[in-house]
Enquirer: 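Would you mind keeping the following structure in view while I ask a few things?
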Amino acid sequence: MEAMRLSRVEDASGARWLCNGYYLNSYFSLSLLLSSPKSQMKALLASLTTTEPAGSAAYLAPIDPYQELWACGVTYLRSRDARKAESEVADVYERVYTAQRPEIFFKALGWRIKGHQQAVRIRQDSHWNVPEPELTLVVNAIGEIVGYTLGNDMSSRSIEGENPLYLPQAKSYDGSAALGPAIILSDQLEAIPLSLEISRQGKRVFSGETSTAQMKRSFEELVRYLGLELTFPKGVLLMTGTGLVPGEDFSLAPGDKVHIRGGGLELLNTIA
């Protein structure tokens, strides 16, 4: 499938979708697209793309309000080490890293997710918080990987570290995820470099780089496990885990800027 760029924006008329910089018909939705086989998507988008170019608009997360975002954990060695360091039961992360079954958990519905240049949040009841830059797969209703976007899987490390059973509270809360700025519909999903930079009051306080080539598990394996006993008639987005985790001496603060780059995309969020 030829690479195409889908984004969701908000202008004077409300939320609208774009394809390669042109508005799609108002009845288009990502759910409609992801209910189709990959082989039909290019023709469907061509039939629904208008000749109206995008004007001034703010980015929204490229997901429909009631689509689901899921996430994977401990798919990189760095993530395993970070989880072990934070946890009072460190061996559980070693075991999931080496196990046949991956860690997969529900993250958010689309309406809770922030877009490019919007604010994500840290929990008031957590004293140790980090962003987690993740390549996020876009999967259709029949389980085909049709593209990707960038994701920020915000994490309350102090809560998860206290007890792994607190994972839902550490991972799912208002403003706990960002996606964007666009979805790249493409078959080119091999090794994708990712970078993270965090700045505070104009000064860089953390930076790092990794690649999806460092993942222990393949994209296809993660999607297969997600779909074993779950159906997604509207499609689904899946965060694939992080290989970039700041050290134990770092925690996010309100006002920090989180800049994630990868796969030809840049996702910028402020911490609230």
Enquirer: Just by distance, do the side chain of Asn25 and the backbone of Phe28 share a donor-acceptor pair under 3.5 Å?
Expert: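 Not a single qualifying donor-acceptor pair exists.
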Enquirer: Do Ile260 and Ile184 belong to the same hydrophobic cluster, where Ile, Leu, Val, Met, Phe, Trp and Tyr are linked whenever their side-chain heavy atoms lie under 4.5 Å apart, directly or via other members?
Expert: yes
Enquirer: Find out whether Thr242 and Leu194 are in side-chain contact, i.e. whether some heavy atom of one side chain is under 4.5 Å from a heavy atom of the other.
Expert: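 In short, these two side chains do not touch, never coming nearer than 4.5 Å.
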Enquirer: Please go through Tyr23's hydrophobic cluster and name the other residues, only I, L, V, M, F, W, Y counting, with side-chain heavy atoms under 4.5 Å joining them.
Expert: Val9, Leu18, Tyr59
Enquirer: More than 12 heavy atoms of other residues, nucleotides or ligands under 6.0 Å from CD of Glu209: yes or no?
Expert: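 No, the 6.0 Å shell around CD holds no more than 12 heavy atoms from other groups.
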Enquirer: Leu60 and side-chain contact (heavy atoms from CB on, under 4.5 Å): which single residue from His116, Glu10, Lys114 fits?
Expert: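 Among His116, Glu10, Lys114, the one that satisfies the side-chain contact (heavy atoms from CB on, under 4.5 Å) with Leu60 is Glu10.
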Enquirer: Taking Ser218 for the side chain and Glu221 for the main chain, is one N or O donor matched with an acceptor at less than 3.5 Å?
Expert: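 A pair under 3.5 Å: yes.
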Enquirer: Could you check whether Ser126 and Ser158, counting side-chain N and O atoms only, form a donor-acceptor pair closer than 3.5 Å?
Expert: yes
Enquirer: Please say yes or no: joined through hydrophobic side-chain contacts below 4.5 Å, possibly via intermediate residues, are Leu150 and Met215 part of one cluster?
Expert: yes
Enquirer: Would you confirm whether Trp17, through its side chain, and Tyr27, through its main-chain N or O, come within 3.5 Å as a donor-acceptor pair?
Expert: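 It does not hold such a pair.
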Enquirer: Would you say that Ser207 contacts Leu196 through its side chain, given a criterion of any heavy-atom pair below 4.5 Å between the two side chains?
Expert: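 The answer is no; the side chains never approach within 4.5 Å.
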Enquirer: Determine yes or no for a side-chain-to-main-chain donor-acceptor pair under 3.5 angstrom, with Ser211 supplying the side chain and Gln214 the backbone.
Expert: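 A pair under 3.5 Å: no.
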Enquirer: Is the closest side-chain heavy-atom distance between Asp153 and Met239 below 4.5 Å?
Expert: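 Asp153 vs Met239: side chains touch.
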Enquirer: Could you tell me whether the side chain of Tyr76 reaches within less than 4.5 Å of the side chain of Lys216, counting heavy atoms only?
Expert: no
Enquirer: Should Leu33 and Leu48 be regarded as members of a common hydrophobic cluster, given that ILVMFWY residues are connected when their side-chain heavy atoms come within less than 4.5 Å of each other, either directly or indirectly?
Expert: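 Per the 4.5 Å side-chain linkage, Leu33 and Leu48 are co-clustered.
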Enquirer: Whether the side chain of Arg112 engages the backbone of Ala177 through a donor-acceptor N/O pair (distance < 3.5 Å, no angle test) should be reported.
Expert: no
Enquirer: Does any N or O in the side chain of Arg121 come within less than 3.5 Å of the main-chain N or O of Ser176, such that one atom is a donor and the other an acceptor?
Expert: no
Enquirer: Please evaluate residues Lys171 and Glu132 with respect to the criterion salt bridge (charged side-chain N to carboxylate O under 4.0 Å, His left out), reporting the C-alpha separation (whole Å), side-chain torsions for both, the decisive distance (0.1 Å), and the verdict.
Expert: CA-CA 11 Å; Lys171 291 288 191 177; Glu132 296 187 2; 3.0 Å; yes
Enquirer: Quick one: list whatever passes salt bridge (charged side-chain N to carboxylate O under 4.0 Å, His left out) with Asp249, sequence neighbours left out.
Expert: none
Enquirer: With the side chain counted from C-beta on, respond yes when Asn152 and Pro133 share a heavy-atom pair under 4.5 Å apart, and no when they do not.
Expert: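 No, side chains not in contact.
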Enquirer: How about Arg204: does its CZ atom have over 12 heavy atoms from other parts shown lying under 6.0 Å from it?
Expert: no
Enquirer: Atom CD in Glu103, atom CG in Leu222: separation rounded to 0.5 Å?
Expert: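 Reported value, rounded in 0.5 Å steps: 11.0 Å.
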Enquirer: Is there a donor-acceptor pair closer than 3.5 Å between any side-chain N or O of Ser172 and the backbone N or O of Gln169?
Expert: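 Between the backbone of Gln169 and the side chain of Ser172 there is no qualifying donor-acceptor contact (under 3.5 Å).
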Enquirer: For the atom pair NZ (Lys107) and CG (Leu237), what is the distance rounded to the nearest 0.5 Å?
Expert: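 Between Lys107 NZ and Leu237 CG, I get 13.5 Å after rounding to 0.5 Å.
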Enquirer: So does Ser13 get a backbone contact from the side chain of Asp11, meaning a donor-acceptor N/O pair under 3.5 Å?
Expert: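 Yes; at least one donor-acceptor contact below 3.5 Å.
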Enquirer: Do Met4 and Val146 belong to the same hydrophobic cluster, where Ile, Leu, Val, Met, Phe, Trp and Tyr are linked whenever their side-chain heavy atoms lie under 4.5 Å apart, directly or via other members?
Expert: yes
Enquirer: With sequence neighbours left out, write down each residue that passes ring pair (Phe, Tyr, Trp, His ring centres under 6.0 Å) with Phe106, or none if nothing qualifies.
Expert: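 By the ring pair (Phe, Tyr, Trp, His ring centres under 6.0 Å) rule, Phe106 matches Trp70.
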Enquirer: Could you check if a side-chain atom of Arg157 sits within less than 4.5 angstrom of a side-chain atom of His127, using non-hydrogen atoms only?
Expert: no
Enquirer: So how far is it from Leu24 CG to Thr49 OG1, rounded to the nearest 0.5 Å?
Expert: 4.5 Å
Enquirer: Can a donor-acceptor pair be found, under 3.5 Å and without considering hydrogens, that links the side chain of Ser195 to the backbone of Gly208?
Expert: no
Enquirer: Taking distance alone, no hydrogens or angles, what donor-acceptor pairs closer than 3.5 Å link side-chain atoms of residues 262-272 to residues at least two apart or in another chain?
Expert:
residue, atom, partner, partner atom, Å
Glu266, OE1, His259, NE2, 3.0
Asn269, ND2, Gly115, O, 2.9
Asn269, ND2, Gln118, O, 2.9
Thr270, OG1, Lys257, NZ, 2.9

Enquirer: Which residues pass the side chain to side chain contact (heavy atoms under 4.5 Å, CB included) test with Pro168, sequence neighbours left out?
Expert: none
Enquirer: Once side chain to side chain donor-acceptor pair (under 3.5 Å) is applied, what residue pairs with a partner in residues 227-241 remain, sequence neighbours excluded?
Expert: none
Enquirer: Flag the pair Leu45 / Leu6 as yes when at least one side-chain heavy-atom distance between them is below 4.5 Å, and no otherwise.
Expert: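 Result yes, sub-4.5 Å side-chain heavy-atom pair found.
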Enquirer: Keeping the roles fixed (side chain from Arg217, backbone from Gln100), state whether a donor-acceptor pair exists under 3.5 Å.
Expert: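 Checking the backbone N and O of Gln100 against the side chain of Arg217, a donor-acceptor pair under 3.5 Å is found.
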Enquirer: Just so I know, are the side chains of Glu144 and Val223 near enough to count as touching, which here means a heavy-atom distance under 4.5 Å?
Expert: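 With C-beta onward as the side chain, the pair stays apart.
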Enquirer: Would you say Phe105 has more than 12 foreign heavy atoms packed within less than 6.0 Å of its CZ?
Expert: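 Correct, the count exceeds 12.
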